[in-house]
Structure formats: structure tokens, C-alpha cells
Amino acid sequence: MPQAILAIDQGTTSSRAMLFDRAGQVLARAQRELTQHYPQDGWVEHDAEQIWQDTLTVCHEALAQYDGDVAAVGVTNQRETTVIWERASGRPIHHAIVWQDRRTADWCRARHSHDIESWLSQKTGLLLDPYFSATKIAWLLEHIPGARAAAQRGELAFGTIDSWLIWRLTGGRVHATDATNASRTLLYNLSRSDWDNDLLAFFQIPRALLPEIRDCAADYGTTDPALFGRALPIRGVAGDQQAATVGQACFSPGMVKSTYGTGCFMVMNTGEQIVHSKNRLLATLAYRLNGRSTYALEGSIFIAGAAVQWLRDAVKLIGSAAESEQWARAIDSTHGVYLVPAFTGLGAPYWDPRARGAIIGLTRDSGIGEIVRAALESVCYQTRDLLEAMRADGAQLPAALRIDGGMAGNDWVMQFLADLLATPVERPSITETTALGAAYLAGLGAGLYRDLDELAGLWTRQQRFEPTMPAESRQMLYRGWLEAVGRVRSR
Ligand SMILES: Nc1ncnc2c1ncn2[C@@H]1O[C@H](COP(=O)(O)OP(=O)(O)O)[C@@H](O)[C@H]1O
Ligand SMILES: O=P(O)(O)OC[C@H](O)CO
């Protein structure tokens, strides 16, 4: 029986546990849907206690499917989502505030200025936007009675979901995060690789709240033996998009992966160089190993697969996400219909928290097919926006785009994407690259793999989509999209 690696992938819409063998093949999997809470327009919350219980359940279910040894545990997670809990009781003081939540939009607007933006961008690679954890922490300290004083006394702990799970997995013994998750808080200094006192002062966040920052492949303690009947070493941690970058083996500068889950996140490896975007992309960490940082340029889109969920659950135009493909194939075009899924504002490169969604160009002939297809196309147009921004930043465009995530299973979307980008799109054999990346990092941390070259050798392609659309059609379609986006922007 080979030694397995347990990967925990706590995402926005579900919590997953997967067991991989050393070659990256899936041995077991279990998954639980996560309840979304929308207390007000633009607010999105998760119950941190449910996240923990679901994680525990899926780990038990996956481990029950396999009776061999588990060499290490890797954790990957939805990033930025913010939990604050009491150190003594382990109880969260409030629901987790999710990355999509826009409640701090006014807070950001009140403090926004050109100088602040460039100061923050220089230190963190990020922007002053509700997306990132710091404004969410500030909101909790301001709105939960007694929280600020308790934080100052060192009685509370902050964490992104990785820290929250590690705390619970280790029975409250380890309060740590990895550098990639830290790099999404607006509190991490990218070039100094540490929390930054000036940033803490700006957001009025006491240092006592913060976890210790470690490498992505490192010692995060062992699981409480009471949980799984044995103590399992936690050896790998990364935010989900960074884990997917590792799972897709994007280890050389210029390599790009794009993950289509709830949102879409395109990450380009920029090597040892921090590229400060002039086009509102983010400079972030790809991974930190042996104390050495590899940086990335990231484009974050808030709504991708979530638009398909909306078609299924809110307006009920389709019965399942997969059905969207038949609707799109059944017509030859949307005949000028565009859907801009700015349900929670617009992310990169627009960063407009007050924009809201729209369907534009409807005629008497428009039907379900046009709307469904427009929703799928919107994901590809938004990807093109990101690639255009990377191009404008002087990045050499990749020879092919490596894609993954739930929506990557939709062949029609992948072909339209290749057509619209005029770039081949490659789908790997294992599209669960986020969990795979966490397993690889844990394997590196446990000494099961030698180095990144060995991991790169494990990547295999399942399908390649070649662009075939004439350039003229591509440009015309994209022009229509830019016009549609222009109509929903708030500034
Ligand atoms: N065949 C499909 N066509 C279009 N969208 C899909 C398809 N299958 C799944 N999705 C979308 O992909 C998303 C799920 O992807 P996943 O990677 O599991 O998300 P996350 O990690 O963000 O929770 C859902 O939003 C779903 O609507
Ligand atoms: O849970 P996902 O896969 O939608 O990813 C969420 C991102 O990490 C948010 O930045």
C-alpha cells in the first residue's frame, strides 16, 4: 500500500478532502456543500464552526476509503475570508466575513487617495478594496462589542481559513498561516516577507491578533490524535489559487494558470521579481519555499461559476451547471446579448465594488439560450480583460493557458475561451489542481519529493483547445463586451 497525502481544500462553496498517492493520482475524496449567508446586499458570510465540522467530516469520509498510511496533510483554502476567534474557548466571535463581501466599501472609499493607494500597492502589491482581509478585521473590531479591547489584551486570534483549520486541527496548539495567505491580507510586506507595522497602524489592528507566518512547505504541527485516531503531520499550506499554481506546475516565469470555480483567478509566475501592475492587477506571492519567495501577477474575477449557479438556483433557467453547455451549443451566437455578472461589484481590472450586474442587448427573439450562453461567454470576456491587462503590463503572453476548476469541465466554454484569447487552452488530467497543489506542498514538506522539477514532471495534459475563430469576429465580440461593461460601471 503506497503512502498517501491528505489534502484539505476548503473552498467558497464546499469543503473537500482528497487523498493522493505520490504520483498525484486520486485515492479517495469526500465533499460537503457549504451554506452561504447573505445578511444584506453585498454581504457574504460563512459559519466558521460549520466550516470546521464539515472539514472534519470530509476528512473522516476520505480516510475511511483508504486503509494505508498517511504521510502528511496539506491545507488549502478560500483566501482573504476572515475569522476572529477567542483563544481560550476557540469560539469565533462572529461569522466569517467572506472574500466576496463588500460591507467595507464605504470604509475604503473614505480613506482612498492616490497616495494611499500607491503606498499600499508598493508595500503589499494589493489595492484598498473590501476584498482583502484587513478591512474585514477592522470592521469586526469596530462592530463586535468588546472585540478591540480583547484583541489588545491578546485574547483573540485572527486567521484566514487556513489558520482557523490549523488551530482546530492541532487542538489549539498552532496559530500560524503561510506566506501566500498572509500576502492577501493587506498587512504583509511583500518584499520584507513579514507583517508590516505601518500597515497594522493604518488599519488599527493589534499585532497580538496575528498568526505566525511560515513557508508553504513547513512544519505546522500535528493533528490532535483524538481527531483521526493518530497524529498526522501538517506539512503544506497555501491559498487555493497559489496551490492551484503549484498543482498546475507553473514554476517558470511567464507560465499562467486560470482557475474557474466560484470566481476566476489567473496567476502568472513572475519569478523572483515583484511586478507592480500599472493596470490594476495584483502583485502577490506564488509560493514561498525554503525562505525564498516566488512572486506572481494575479487577476481576480469575483463571478465565474457563480454566474452558472445563479442561472440554476436564482433564476432557474437551467437544472444543472453541466446543462449550460447544451444551451450554448444549441445556438450559433447570443445575437448581441451580453451578461455582465457584477453581482458583487467588479474585480480586476476594474475594481468597482458598486457596479451591479446587467443583461444588455435583449430583443423579442432573445430566449433562455442567449442568456445562458451570454453568462458562459462573460467568463471568457473577463479572462480576456485580465490577459489584456497583463499584456499592457509588458508581460510576455504564455504559449498556452493551463486551466482548472469546476467550470473547466465545460468543453464549450474552454473552446470559446481559446477562440477569444487567440491562445491555446490546456486542461490537465487532474483538474482538482488546488487539492493536488496542497498535497504536493505537504509532500515537499514531508520530504516525499525532492524539488519542484520532480513535481513538474508529474503534470500531464488531458486536452488542448486550439483557437479557430477569425480575428475579426474575436475583436467584434470583445468590443461589444467592453461596451456592456462600460454601461454597468459606477465611475
Ligand atoms: N459543466 C459546467 N459548466 C459551467 N459551470 C460549471 C460546470 N460545472 C461546474 N460549474 C461551476 O463551477 C463552480 C464549481 O467549481 P469549484 O471549482 O468546485 O468551485 P469552488 O472551489 O469555488 O467552490 C460552480 O460555480 C459551478 O456553477
Ligand atoms: O473558493 P474559490 O475557489 O472560489 O477561491 C476563492 C479565492 O481564493 C478568493 O480569493
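Values reported hereafter were calculated over all heavy atoms of this structure, with side chains retained and with hydrogens, waters and symmetry mates removed. Just so you know, ligand 1 is whichever comes first in the structure, and atom 1 is the first atom listed for that ligand.
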request  = Output, in order, the C-alpha distance, side-chain angles, deciding distance and verdict of ring-ring contact (aromatic ring centres under 6.0 Å, His included) for W119 and F202.
outcome  = CA-CA 11 Å; W119 177 71; F202 177 76; 5.6 Å; yes
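Closest protein heavy atom to atom 1 (N) of ligand 1: A322 CA, 3.5 Å. Counting only heavy atoms of the protein, atom 6 (C) of ligand 1 lies nearest to A321 CB, 3.7 Å. Looking from atom 5 (N) of ligand 1 to the surrounding protein, the closest heavy atom is M407 CG, 3.2 Å. For atom 22 (O) of ligand 1, the nearest protein heavy atom (residue, atom name, distance) is T262 OG1, 2.6 Å. In this structure, atom 3 (N) of ligand 1 lies nearest to the protein heavy atom N410 ND2, 3.0 Å. G261 CA, 3.5 Å is the protein heavy atom nearest to atom 19 (O) of ligand 1. Of the protein's heavy atoms, T12 OG1, 2.5 Å lies nearest to atom 1 (O) of ligand 2. Scanning all protein heavy atoms for the shortest distance to atom 9 (C) of ligand 2 gives E80 OE1, 3.3 Å. T13 OG1, 2.4 Å is the protein heavy atom nearest to atom 23 (O) of ligand 1.
Nearest heavy-atom pair, A435 versus M18, reported as atom, atom and distance to 0.1 Å: CB-SD, 3.7 Å.
The aromatic ring centroids of F343 and F302 lie 6.0 Å or more from each other. Aromatic rings of F265 and W99 (six-membered ring for Trp) have centroids within the 6.0 Å cut-off, being under it. Aromatic pair W459/F251: centroids not less than 6.0 angstrom apart. Checked against a 6.0 Å centroid threshold, the rings of H95 and H37 count as neighbours. Taking the ring centroids of W167 and W85, they lie under the 6.0 Å cut-off.
Evaluated for a salt bridge (charged side-chain N to carboxylate O under 4.0 Å, His left out) with E298, the options K257, R184, R280 yield exactly one hit, R184. Considering R109, R354, R102 in turn, R102 is the only one that fulfils the salt bridge (charged side-chain N to carboxylate O under 4.0 Å, His left out) rule with D129.
Set against the non-hydrogen atoms of A306, the atoms of ligand 1 under 4.0 Å away are 25 (O). Proximity to G11 (heavy-atom distance under 4.0 Å) selects the following atoms of ligand 2: 1 (O). Close approach to G405 involves these atoms of ligand 1, each under 4.0 Å from a residue heavy atom: 17 (O). Every atom of ligand 1 is numbered from 1 in the order shown, and the set under 4.0 Å from a heavy atom of S324 is 3 (N), 4 (C). Less than 4.0 angstrom separates some heavy atom of W99 from each of these atoms of ligand 2: 4 (O), 6 (C), 9 (C). Those atoms of ligand 2 with a heavy atom of Y131 less than 4.0 angstrom away are 9 (C), 10 (O).
No donor-acceptor distance shorter than 3.5 angstrom exists from the side chain of S366 to the backbone of E370, with no hydrogens or angles considered. A donor-acceptor distance shorter than 3.5 angstrom exists from the side chain of S163 to the backbone of A176, with no hydrogens or angles considered.
Among D240, T434, T262, the residue whose heavy atom lies closest to atom 6 (C) of ligand 2 is D240. Taking only non-hydrogen atoms, the option from Q309, E323, E432 nearest to atom 24 (C) of ligand 1 is Q309.
By the 3.5 Å distance cut-off applied to N or O atoms, G406 is counted among the residues near ligand 1. Taking distance alone, with nitrogen or oxygen atoms compared against 3.5 Å, G305 approaches ligand 1 more closely than that limit.
Looking at R184 against ligand 2, nothing comes within 4.0 Å, counting heavy atoms.
Within the structure, side chain to side chain donor-acceptor pair (under 3.5 Å) contacts touching residues 338-350 (residues at least two apart or in different chains) are Y350-D385.
Heavy-atom separations between R16 and ligand 1 include at least one value shorter than 4.0 Å. Ligand 1 lies nowhere less than 4.0 angstrom from a heavy atom belonging to E325.
The side-chain heavy atoms of W195 and T185, taken from C-beta on, include a pair separated by under 4.5 Å.
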